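Data block below; observations after.
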Amino acid sequence: MLTTIKEISAHVGKEVKVGGWLYNKRSSGKIQFLQLRDGTGFIQGILVKKQVSPEVWEQANHLTQESSLYVWGVVREDERAPGGYEMDITNIEVIQIAEEYPIAKKEHGVDFLMDHRHLWIRSPRQQAILRIRAEIIRAIQGFLDENGFTLVDPPVLTPSSCEGTTNLFHTKYFDEDAYLTQSGQLYMEAAAMALNKVYSFGPTFRAEKSKTRRHLIEFWMIEPEMAFVDHEESLKIQEQLVAHTVQAVLANCKQELKTLDRDLSALENIKAPFPRITYDEAVELLHKEGFADFTWGDDFGAPHETKIAESFDRPVFITHYPTEVKSFYMKPDPNRPEVVLCADMIAPEGYGEIIGGSQRIDDPVLLEQRYEQHALPREAYEWYMDLRKYGTVPHSGFGLGLERTVAWICGLDHVRETIPFPRMLYRLYP
RNA sequence: UCCUCAGUAGCUCAAUGGUAGAGCACCCGGCUGUUAACCGGUAGGUUGCAGGUUCGAGUCCUGCCUGAGGAGCCA
C-alpha cells in the first residue's frame, strides 16, 4: 500500500512506502539527500550510510535524475524541510535508472523546453499551473451546474464557419468538405431553445497565423447560452462566474499560487460587480491616453485593450461596440442601431480579452437582412434561421477563453504554459 | 503575411577579423544536514545551412532554414 506525499503529514512517526521519481540528489560521503516527487508533492528522503544495508546505499549512489523507485522510510517533522516533513529512508527499490535527463536544474530556453514539453510538465512550476487549470475548470463547471445550466457538447467537425471571419482548419468528411470548429455558439443557441440555460466546454481551432503570447491554434472555451436572458443579465452572470472562479483558486490552490509567486492582492480584489464602460467611453479614454488618432468605428487592438484595462483593478466590460465591427448575429441596441448589445471582458494586468458575449438577434426578418449583408451561404445557415421561425425568444450568451483566464490567474507571461501540450503556429510537436 | 531580434559543447552563455572558452549536466574521486549543495579531475565542437569578401571568418556581406517577441486577427 503506497502513501502519497500529499498525505504524508498524517503518518508522522510511522514507516511508509512511497512510489516516485528522483528529481534531485545531494550527497556527502556518508549521507545522501534524495529529493523525491510522486506527482502529489515533493519530499526529501535522508539516507545515512551506517543505518542502511550496503546494497541499499550502493543502489542510491547510482540513482540519476528522474529515476523511478519505491522508497520506504519513517516520516519525521523537520523545520529545515521546505514542506515541513522529511523521510528517514530505510529501504529503496529501484524501478528504473533513468537515462541522462535532458532538463537540467538550471535555466533553459523556450525552444528547448517546448521541444521537451512532455518532460517539462514534471517540473514544480508546470505542475502548479496544470493543477490551477484543473481547479479553474472545476470552479466554472461547478458554478454553471449549480445555477441551472446543462452541459451540452457541440460538434467538433462542422460543415462551415460559425462566424465566417477567421480561417478554419479544413479536412475531408468522406466526400464532403468539413472544418474543425472555431466556436460552438450557433449550436449552443439551438441547445438553449431546447434546454434553456446550457453551456459547452471543449476545444476550438483557429487556423490564424497569430504569433503572440495570447494566442494558441487549439484552445478551450466555455460557451454558455441562455434563453430569456438579456444583455444586462448576461453581464451579471459573467462577472459572478469569473469572481467565483478566482475566489475558488485562491481558496483551493494556495500552494500552487505560492509556487508561481503570484501576487495574491491583485486576485483578492476580483469581486463582482465589475466596472463597465461603453465603447464610446473607451474611445474617449483612449483619446486622453495617447491614442489621439483612434477613430470611432475601429476595433480595439491589443495595445488599446491593455491601456483601457490599466485604468481598473478588476476585469472591465466594454459594451455597445459598433455594429460593423461585430458578428452578424449580435442584436442591435433598440435605441441606437449603430451599436450592438455586446460586451468584451478585458482582464487586468494586460491579459486581454477573456470573454466575448452578446445578446443575439431574435427577429427573423433582421437576421435575414444580416445574411444578405454578410453574404452568408444561405443553405449552410438554414437550420440557424429555423431557431427564429419556431418560437424565437430573447437570448444571450458568451464565450470564455480558458487559457487566457489561466494565464491571468496564474500571472504567466504566455498562454503556452497554460495547456499541457500547446498547439502553436509552426509547433505541433510533441 | 509584415516588423524586430537571435542561432557557438547535452543545456545556459562568452570569445577586437588572428590558437573556439566558462558554468551546469554526464562520468571518476572527496566530503555526516545538503537546499540550483560544495571541492578536484576526465571527457565533450562540421560555431543553423549554402555561397561570397579576406593571407585569415564564430565575427563582415548575400540568400535560405529554424526559433523568439510583436502587429494584424481573435478568446
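Owing to the predicted nature of the structure, the values given are computational and were not obtained by experimental measurement. Side chains are part of it too, since the values below use all heavy atoms of this structure and drop only hydrogens, waters and symmetry mates. Letters go in sequence order (proteins before strands), and every chain restarts at 1.
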Inset, instruction - Take atom P in B:U46 and the same atom in B:C38, then report the distance between them in whole Å. - result: 29 Å
Legend entry - Shortest non-hydrogen contact from A:Ile222 toward A:Pro224: O-CD, 3.4 Å
Legend entry - Any-strand Watson-Crick or G-U partner of B:A36, both distances under 3.5 Å: none
Legend entry - Who pairs with B:G44 - Watson-Crick or G-U, where each distance is under 3.5 Å: none
Inset, instruction - Figure out the CD/P separation between A:Glu79 and B:G33, and round it to whole Å. - result: 18 Å
Legend entry - Verify stack between A:Tyr101 ring and B:A25 base, 5.5 Å, 30 degrees: no
Inset, instruction - Scan every strand shown for a Watson-Crick or G-U wobble partner of B:G17, both distances under 3.5 Å, and answer none if you come up empty. - result: none
Inset, instruction - Could you please name the partner base of B:G7, counting Watson-Crick and G-U wobble pairs only when both distances are under 3.5 Å? - result: B:C65
Legend entry - For atom CG of A:Asp298 and atom P of B:G72, their distance in whole Å: 11 Å
Inset, instruction - Can you figure out which of B:A71, B:C11, B:C27 approaches the side chain of A:Thr212 most closely? - result: B:A71
Inset, instruction - Could you tell me which nucleotide pairs with B:C31 by Watson-Crick or G-U wobble geometry, both distances under 3.5 Å, or answer none if nothing does? - result: none
Inset, instruction - Report yes if a donor N or O on one partner sits less than 3.5 Å from an acceptor N or O on the other, where the partners are the side chain of A:Gln32 and the base of B:U34; otherwise report no. - result: no
Inset, instruction - Evaluate the ring planes of A:Tyr279 and A:Trp296, with Trp represented by its six-membered ring, and classify them as parallel (under 30°), tilted (30 to 60°) or perpendicular (over 60°). - result: perpendicular
Legend entry - For the student: nearest non-hydrogen atoms of A:Thr405 and A:Leu400, plus distance: OG1-CD2, 3.3 Å
Legend entry - Base of B:C73 paired with side chain of A:Ser210 (donor-acceptor, under 3.5 Å): yes
Inset, instruction - Please determine, by modelled atom types, if A:Glu55 and A:Gln59 share a side-chain donor-acceptor pair under 3.5 angstrom. - result: no
Inset, instruction - Considering only atom P, compute the distance from B:A6 to B:G21 and round it to an integer number of Å. - result: 25 Å
Inset, instruction - Please state how far atom CD in A:Glu77 lies from atom P in B:G33, giving the value in whole angstrom units. - result: 22 Å
Legend entry - Residue matched to B:A71 through Watson-Crick or wobble contacts both under 3.5 angstrom: B:U1
Inset, instruction - Using a cut-off of 6.0 Å, state whether more than 12 heavy atoms not belonging to A:Glu268 lie near its atom CD. - result: yes
Inset, instruction - Please tell me which of A:Ile354 and A:Tyr426 maps to the more 5' nucleotide of RNA chain B, matching each residue to the nucleotide holding its nearest heavy atom. - result: A:Tyr426
Inset, instruction - Indicate whether any N or O donor in one side chain lies under 3.5 Å from an N or O acceptor in the other, for A:Tyr321 and A:Asp299. - result: no
Inset, instruction - Assign A:Ala302 to base, sugar-phosphate, or nothing according to its heavy-atom contacts below 4.0 angstrom with the strands shown. - result: sugar-phosphate
Inset, instruction - Let me know the distance between CD of A:Glu100 and P of B:C11, rounded to the nearest Å. - result: 11 Å
Inset, instruction - Enumerate the residues from residues 401-418 of chain A whose closest heavy atom to RNA chain B is under 4.0 Å, giving them by residue number; use none for an empty result. - result: A:Arg404, A:His414, A:Arg416
Inset, instruction - Can you see which heavy atom on A:Gly19 is nearest to which on A:Tyr70, and at what distance? - result: CA-CD2, 3.7 Å
Legend entry - Under 4.0 angstrom between A:Lys209 side-chain N/O and B:G72 OP1 or OP2: no
Legend entry - Under-4.0 Å side-chain N/O to phosphate OP1/OP2 contact, A:Arg214 with B:A71: yes
Inset, instruction - Spell out yes or no: do the side chain of A:Glu99 and the base of B:G10 have one donor N/O and one acceptor N/O closer than 3.5 Å? - result: no
Inset, instruction - With salt bridge (charged side-chain N to carboxylate O under 4.0 Å, His left out) as the test, would you mind laying out the steps for A:Asp230 and A:Lys331 before giving the verdict? - result: CA-CA 10 Å; A:Asp230 66 15; A:Lys331 185 182 176 75; over 6 Å; no
Inset, instruction - Pick base, sugar-phosphate or nothing for A:Thr204, based on heavy-atom distances below 4.0 Å to the nucleic acid. - result: nothing
Inset, instruction - Could you check whether A:Gly301 gets within reach of a base, just the sugar-phosphate, or nothing at all, counting any heavy atom under 4.0 Å? - result: sugar-phosphate
Inset, instruction - Give one of base, sugar-phosphate or nothing for A:Lys50, where a contact means two heavy atoms less than 4.0 Å apart. - result: base
Legend entry - Side-chain touch A:Trp220/A:Arg133, heavy atoms, less than 4.5 angstrom: yes
Inset, instruction - Please report, rounded to the nearest Å, how far the P atom of B:A68 is from the CG atom of A:Leu425. - result: 9 Å
Inset, instruction - Starting from C1' on B:G33, measure out to CE on A:Met87 and report it in whole angstrom. - result: 17 Å
Inset, instruction - Taking atom C1' in both B:C61 and B:C28, compute the distance separating them and give it to the nearest angstrom. - result: 47 Å
Legend entry - Side-chain N or O of A:Arg427 closer than 4.0 Å to phosphate OP1/OP2 of B:A68: yes
Legend entry - Among B:C74, B:U34, B:G33, the nucleotide that comes nearest once only the side chain of A:Ile31 is considered: B:G33
Inset, instruction - Could you measure between the two P atoms, the one in B:C74 and the one in B:C11, and give it in whole Å? - result: 39 Å
Legend entry - A:Asn24 or A:Phe112, whichever maps to the more 5' nucleotide of RNA chain B: A:Phe112
Inset, instruction - Name the orientation class of the two ring planes belonging to A:His231 and A:His320 (parallel below 30°, tilted from 30 to 60°, perpendicular beyond 60°). - result: perpendicular
Inset, instruction - Determine the interatomic distance between P on B:U42 and the same-named atom on B:C49; round to the nearest Å. - result: 29 Å
Inset, instruction - Let me know the distance between NZ of A:Lys25 and P of B:C24, rounded to the nearest Å. - result: 17 Å
Legend entry - Summary of protein contacts for nucleotides 40-47 of chain B, nucleotide by nucleotide, where a base hit scores B, a sugar-phosphate-only hit scores S (4.0 Å, heavy atoms): --------
Inset, instruction - Among B:C74, B:G72, B:A68, find the nucleotide with the atom closest to the side chain of A:Lys211. - result: B:A68
Inset, instruction - For the pair A:Arg404 and A:Glu305, find out whether any cationic side-chain nitrogen is under 4.0 Å from an anionic carboxylate oxygen. - result: no
Inset, instruction - With P as the reference atom in both, quote the distance from B:A14 to B:U8 in angstrom, rounded to an integer. - result: 10 Å
Inset, instruction - Give A:Asp299 one of three labels, base, sugar-phosphate or nothing, depending on what nucleic acid heavy atoms sit under 4.0 Å from its own. - result: sugar-phosphate
Legend entry - Inter-nucleotide P distance (B:G23, B:C55), Å rounded: 38 Å
Inset, instruction - Between B:U32 and B:G69, how far apart are the P atoms? Round to whole Å, please. - result: 47 Å
Inset, instruction - Classify the ring geometry between A:Phe328 and A:Tyr381 as parallel (under 30°), tilted (30 to 60°) or perpendicular (over 60°). - result: perpendicular
Inset, instruction - For the side chain of A:Met221, starting at C-beta, report the closest nucleotide among B:U32, B:C31, B:A75. - result: B:A75
Inset, instruction - Tell whether A:His215 reaches the base of B:C74 with its side chain through a donor-acceptor pair below 3.5 angstrom. - result: yes
Inset, instruction - Would you please say whether a donor-acceptor pair under 3.5 Å links the side chains of A:Glu233 and A:Ser396? - result: no
Inset, instruction - Give the minimum heavy-atom separation between A:Thr319 and A:Ala343, together with the two atoms involved. - result: CG2-CB, 3.9 Å
Inset, instruction - Would you mind reading off the distance between A:Glu353 atom CD and B:G72 atom P, rounded to a whole angstrom? - result: 13 Å
Inset, instruction - Pick base, sugar-phosphate or nothing for A:Arg76, based on heavy-atom distances below 4.0 Å to the nucleic acid. - result: base
